[in-house]
Amino acid sequence: MGCSSSSGEGARADRTWTEWLGGPALAVLGGCSGPQSALDAAGRDAERVAELWWWMLGGAAVVWAIVLGAAVYAVRGGPHGERRVRWLVIGGGTVLPTVVLTVLLAHGLSLMPAMLDDGPEGGVRITVTGEQWWWRVRYETLDGRSFELANELVLPVGRRTRLHVRSADVIHALWVPSLGGKIDMIPGRTNVHALEPTRTGVFRGVCAEYCGLSHARMAFYAVVVDDAAYDAWLDAQAAPAHTPDEPLARRGAALFLESGCGACHTVRGTEADGALGPDLTHVGGRRSIGAAVLDGGAASLRRWIAHPAALKPGARMPPYWMLPDDDLAALAAYLEGLR
Ligand code: CUA
């Protein structure tokens, strides 16, 4: 079971073949690997989904071959007696689909109990809330610490971890194809979804339920780390924001409060305690800005602050393009320094 593409130098005939089939083959096989592929499983549940997918593909291939064979036989097989035709219809039209679909259904259902296992209770409580159009992620540790971040989920490898999944507005769905199945995020309800990563790495998650204008720009990163790195990360995230010492960033920190950013955003350790938008206490360490619309970093922060709606139509954050370039640079330098 697996998926791969091959390349290499060959004779002219090979190159022609590659030229003909290379594009479509790449398009098809491109879905077999990468940080957002359900077939490149990095989680226990994703392995089960991938296994079922290969069984379905095998079943579909067998049925397709039989149907094609029957069609060829019907056209070329010469005169067909009524009795033989009746048996073909009953066998191919009733018995075969019943057997094939029953086997596939039974196999699919047999995988479900393990996937519905919520994992052990206790441990760090993680709540993910779907917003328009980003992910509010809250961690509460056993020793009573809690913090929020956005558009990034950090999980320990090898442990089945519960996510408590909610929505602040409309129905969203959380899906990290490499790690497991989907779960709906429904207003007024908390669903529990467990993920059990089997290897470390950075995987991409998406919103899998149409939720409005920027549904397709609502992604996040799931970062899987070992236990030691997970504990260190929890400690770092629970700490208050770094106080800038570099002049440009200090000016940015003052501007952040003067411009009213704190009405919507929290930076723990400062006066900014807004709850409408993402918590920015450690925004400088995040892999993306705007729910994976931009890579992390000062340049992205600056673009986002000036033109959020151009990057994400319908985004609730007001634009600040009217700020002088120096001010935008100062704000970006401050936020980028919040690691
Ligand atoms: Cu959120 Cu689609």
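For ligands, and for the atoms within them, numbers begin at 1 and follow the listed sequence. In what follows, residues are counted from 1 in the order of the sequence shown.
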*Asks:* Determine which of the N, O or S atoms in H215 is closest to atom 2 (Cu) of ligand 1 and give its atom name.
*Replies:* ND1
*Asks:* Which heavy atom of V176 sits nearest a heavy atom of R204, and at what distance?
*Replies:* CG1-O, 3.8 Å
*Asks:* At their closest point, which heavy atom of A249 faces which heavy atom of Y334, and how far apart are they?
*Replies:* O-CB, 3.4 Å
*Asks:* In terms of heavy-atom contacts, does CH2 of W233 have more than 12 from other residues, nucleotides or ligands at under 6.0 Å?
*Replies:* yes
*Asks:* Taking just the N, O or S atoms of H172, which one is nearest to atom 1 (Cu) of ligand 1?
*Replies:* ND1
*Asks:* For the pair R86 and E82, find out whether any cationic side-chain nitrogen is under 4.0 Å from an anionic carboxylate oxygen.
*Replies:* yes
*Asks:* Please work out the angle at atom 2 (Cu) of ligand 1 defined by atom SG of C207 on one side and atom O of E209 on the other, rounded to 10°.
*Replies:* 90°
*Asks:* Got a sec: is M218 within less than 2.8 Å of atom 1 (Cu) of ligand 1 via an N/O/S atom?
*Replies:* yes
